[in-house]
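First comes the structure, then the notes that go with it.
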Amino acid sequence: MSLKAGVVVFPGSNCDRDLAVALRRAGADVTMIWHKETELPAGLDLVGVPGGFSFGDYLRCGAIAARAPIMRAVVDFVHAGGYGLGVCNGFQVLIETGLLPGALMRNAGLRFVCAPVGLEVATTDSAFTRAYARGERLEIPIAHHDGNYFADPETLAALADQDRIALRYTENPNGSAADIAGILSENRRVLGLMPHPERAVDPAHGGADGARMFAGLVAALSGEAVRA
Amino acid sequence: MKARVHVTLKTGVLDPQGEAVRHSLGALGFEGVGEVRIGKVIELEVAETDRAAAEARVREMCEKLLANTVIENYAVEIA
């Protein structure tokens with residue numbers, strides 16, 4: 001059985017279809033889920049929260065989306081052992097729900113940065129990163145104004161001690177603490193990251209380093225009874 | 001009742017926007033400007049008629065949505 005994924009769509013999401021395409025290419029069945037829904041489709045293994053500018057980034061990036069009806073169902077799904085992937089604005093949304101720790105602030109250089117960046121795979125101990133080698137260098141694009149990861153020193157120490165930093169920037173583009181580009185939840189089943197792996201899954205994208213994230217996920221989750 | 005919420009960055013959280021404004025003030029010739037911190041003011045009308053009840057309600061809104069307490073502090077004023 002292949003992986004069953006849902007991709008949440010908010011007003012202002014703009015990477016939802018890219019994420020669906022990347023997941024489908026890796027072999028997943030994908031359903032799009034409108035933010036006003038209050039329940040997820042039955043039998044999902046993974047919920048993807050896509051990039052974009054949900055609700056116009058009003059108040060704080062991701063703040064309004066995190067309180068949308070569907071997100072209550074997503075939080076319950078994750079608490080029941082479901083997998084979650086938040087890309088860019090999706091990472092901001094997951095942080096605003098409290099599923100991942102810290103905050104994403106305005107880039108230190110104050111500029112919107114849209115460019116391919118170098119990343120280092122900091123852990124392979126997750127369904128998202130298991131297809132890479134530890135320390136492997138990747139090139140994946142970023143496109144954000146608010147990706148400057150902040151957390152208090154205790155949280156940063158816990159993330160490092162528990163091997164929950166998934167990806168680090170090789171050259172920090174936004175001021176993120178500890179060069180953090182992506183982090184895992186405590187149960188390692190939720191990944192939030194600012195870079196866009198779904199924009200690097202085909203050589204025509206200029207690079208395909210993101211493809212293995214989706215391939216690894218599908219391999220890891222297919223046929224597995226994911227939810228408790 | 002009317003309420004006003006001030007949302008400010010916590011001490012120790014860097015404020016790159018404030019830093020940029022400080023530089024710009026310097027470029028305009030305003031000397032002696034120390035740290036600049038940028039926050040938000042949110043004005044709300046609430047149905048409560050009791051001050052204490054209104055304040056409690058707005059504080060709950062701050063905790064749940066208006067402020068991100070990881071990086072922000074808030075103060076509530078009831079007009």
Side-chain angles (χ1 to χ4, degrees), chain A residues 54-69 71-72 75 89 91-113 144-159 172-180 183 192, chain B residues 2-28 30 33-48 54-79:
Chain A
S54 57
F55 296 93
D57 278 349
Y58 294 162
L59 191 65
R60 293 180 306 276
C61 300
I64 311 283
R67 279 88 181 165
M71 289 312 294
R72 200 164 297 172
V75 169
N89 187 227
F91 184 16
Q92 294 164 340
V93 172
L94 292 181
I95 279 195
E96 281 279 346
T97 61
L99 288 174
L100 291 171
L104 288 158
M105 304 187 50
R106 182 53 43 105
N107 291 347
L110 295 176
R111 292 207 169 169
F112 189 100
V113 183
H144 61 250
H145 210 163
D146 298 80
N148 179 353
Y149 185 78
F150 172 89
D152 59 48
E154 296 76 43
T155 304
L156 289 173
L159 288 173
N172 196 328
N174 55 21
S176 286
D179 300 324
I180 286 174
I183 55 170
Chain B
K2 289 198 170 174
R4 184 173 287 161
V5 176
H6 295 261
V7 180
T8 50
L9 281 178
K10 286 186 173 173
T11 314
V13 176
L14 287 175
D15 182 2
Q17 294 182 86
E19 230 357 62
V21 168
R22 189 176 68 80
H23 281 291
S24 189
L25 287 172
L28 286 172
F30 292 103
V33 179
E35 202 181 20
V36 177
R37 312 276 288 168
I38 294 180
K40 287 178 208 155
V41 177
I42 303 168
E43 291 178 328
L44 309 155
E45 266 192 74
V46 291
E48 278 79 2
E55 184 175 339
R57 193 98 179 111
V58 174
R59 294 187 77 84
E60 195 188 339
M61 294 177 197
C62 290
E63 289 289 333
K64 289 196 172 162
L65 177 62
L66 301 180
N68 176 352
T69 55
V70 175
I71 48 171
E72 294 169 333
N73 288 323
Y74 60 86
V76 176
E77 251 179 64
I78 303 292

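Here is how names work: the chains are called A, B, and so on, in the same order as the sequence lines, proteins then strands, and each is numbered from 1.
- Of the two parts of Leu14(B), only the backbone, made up of N, CA, C and O, holds a non-hydrogen atom closer than 4.5 Å to a non-hydrogen atom of chain A.
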Please walk me through it: do Tyr74(B) and Ile42(B) pass side chain to side chain contact (heavy atoms under 4.5 Å, CB included)? CA-CA 10 Å; Tyr74(B) 60 86; Ile42(B) 303 168; over 6 Å; no

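- Between the Arg67(A) side chain and the Lys64(B) main chain, a donor and an acceptor come within less than 3.5 Å of each other.
- Looking at Asn107(A), its side chain does come within 3.5 Å of a backbone N or O of Gly147(A) through a donor-acceptor pair.
- Of the atoms belonging to Leu59(A), heavy atoms from both backbone and side chain fall under 4.5 Å from chain B.
- For a residue to count as touching a neighbouring chain, one of its non-hydrogen atoms must lie under 4.5 Å from one of that chain's; by this rule Lys40(B) touches chain A with the side chain only.
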Take Glu63(B) and Arg59(B) through the salt bridge (Lys or Arg N to Asp or Glu O under 4.0 Å) test and state the conclusion after the steps. CA-CA 6 Å; Glu63(B) 289 289 333; Arg59(B) 294 187 77 84; over 6 Å; no

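- Using bins of under 30°, 30° to 60° and over 60° for the plane-to-plane angle, the ring pair Phe91(A)/Tyr149(A) lands in the parallel bin.
- When heavy atoms are compared at a cutoff of 4.5 Å, Glu19(B) does not approach chain A at all.
- With a 4.5 Å cut-off on non-hydrogen atoms, Asp152(A) does not touch chain B at all.
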